[in-house]
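Report on the structure given below.
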Amino acid sequence: QVQVAESGGGLVQAGGSLRLSCAASGSIFSVNVMGWYRQAPGKQRERVAVSTNGGSTNYADSVKGRFIISRDNAKNTVFLQMNSLKPEDTAVYYCNADLLRSSSDPSVYRYWGQGTQVTVSS
């Protein structure tokens, strides 16, 4: 059994900052990619930022220069530091983890957290 849990959402004024955290726990052999996605009302879920266990990162154009993704591989944890927030960043933010569950199973499994609400007021 694997659990992915986010924390750190909330209400902030435009121009402010928030830091989201996400931890994967349970029957995990190794975590390959961890990432953040978001879904605003009436819109499709979009990728915000991803991080590989090798240290590579990728950001959506809309957040480049404002958001920073980081990881603690030893704790299977990923963070999203969100600066200079805008009202259009308002969404439910979801964390996901692509991982191996055991050394004998080469399949990569994707797990999602339950989401955390981020609201940016103007």
Tell me, do Phe67 and Asp89 make a side-chain contact under 4.5 Å, heavy atoms counted? yes
Are Val108 and Phe29 linked, directly or through intermediate hydrophobic residues, by side-chain heavy-atom contacts shorter than 4.5 Å (ILVMFWY only)? yes
Could you check whether Arg45 makes a cation-pi contact with Tyr37, meaning its NZ or CZ is under 6.0 Å from the centre of the six-membered ring and within 45° of the ring axis? no
Does some side-chain heavy atom of Gln3 sit less than 4.5 Å from a side-chain heavy atom of Tyr111? no
How long is the straight-line distance from OG of Ser30 back to CG of Asp98, given to the nearest 0.5 Å? 11.0 Å
Side-chain donor-acceptor pair present, Tyr93, Arg38, cut-off under 3.5 Å: yes
Do Leu99 and Val2 have side chains that approach each other closer than 4.5 Å (heavy atoms only, starting at C-beta)? yes
Heavy atoms, side chains only, cut-off 4.5 Å: are Asn76 and Ser25 in contact? no
Among side-chain atoms of Gln117 and Thr119, is any donor-acceptor pair under 3.5 angstrom? yes
Between Glu6 (side chain) and Gln114 (backbone), is there a donor-acceptor pair under 3.5 Å? yes
Interatomic distance, Ser51 atom OG to Trp36 atom CH2 [nearest 0.5 angstrom]: 12.0 Å
In terms of hydrophobic clusters joined by side-chain contacts under 4.5 Å, are Leu85 and Leu11 together? no
Min side-chain heavy-atom separation Val12-Ser121 under 4.5 Å: no
I'd like to know if Val118 and Tyr59 are part of one continuous hydrophobic network [Ile/Leu/Val/Met/Phe/Trp/Tyr, side-chain heavy atoms within less than 4.5 Å]. yes
Rounded distance (nearest 0.5 Å) linking atom CZ of Arg71 with atom OG1 of Thr77: 9.5 Å
May I ask you to test the Ser17-Met82 pair for a side-chain heavy-atom distance under 4.5 Å? no
Same apolar cluster (I L V M F W Y, side chains within < 4.5 Å links), Val50/Val78: no
Got a second to check how far Asn83's CG is from Ile68's CD1, nearest 0.5 Å? 6.0 Å
Between OG on residue Ser70 and CZ on residue Phe79, distance to nearest 0.5 Å: 6.0 Å
Cluster question for you: counting only ILVMFWY and a side-chain heavy-atom cut-off of under 4.5 Å, with indirect links fine, are Leu18 and Met34 together? yes
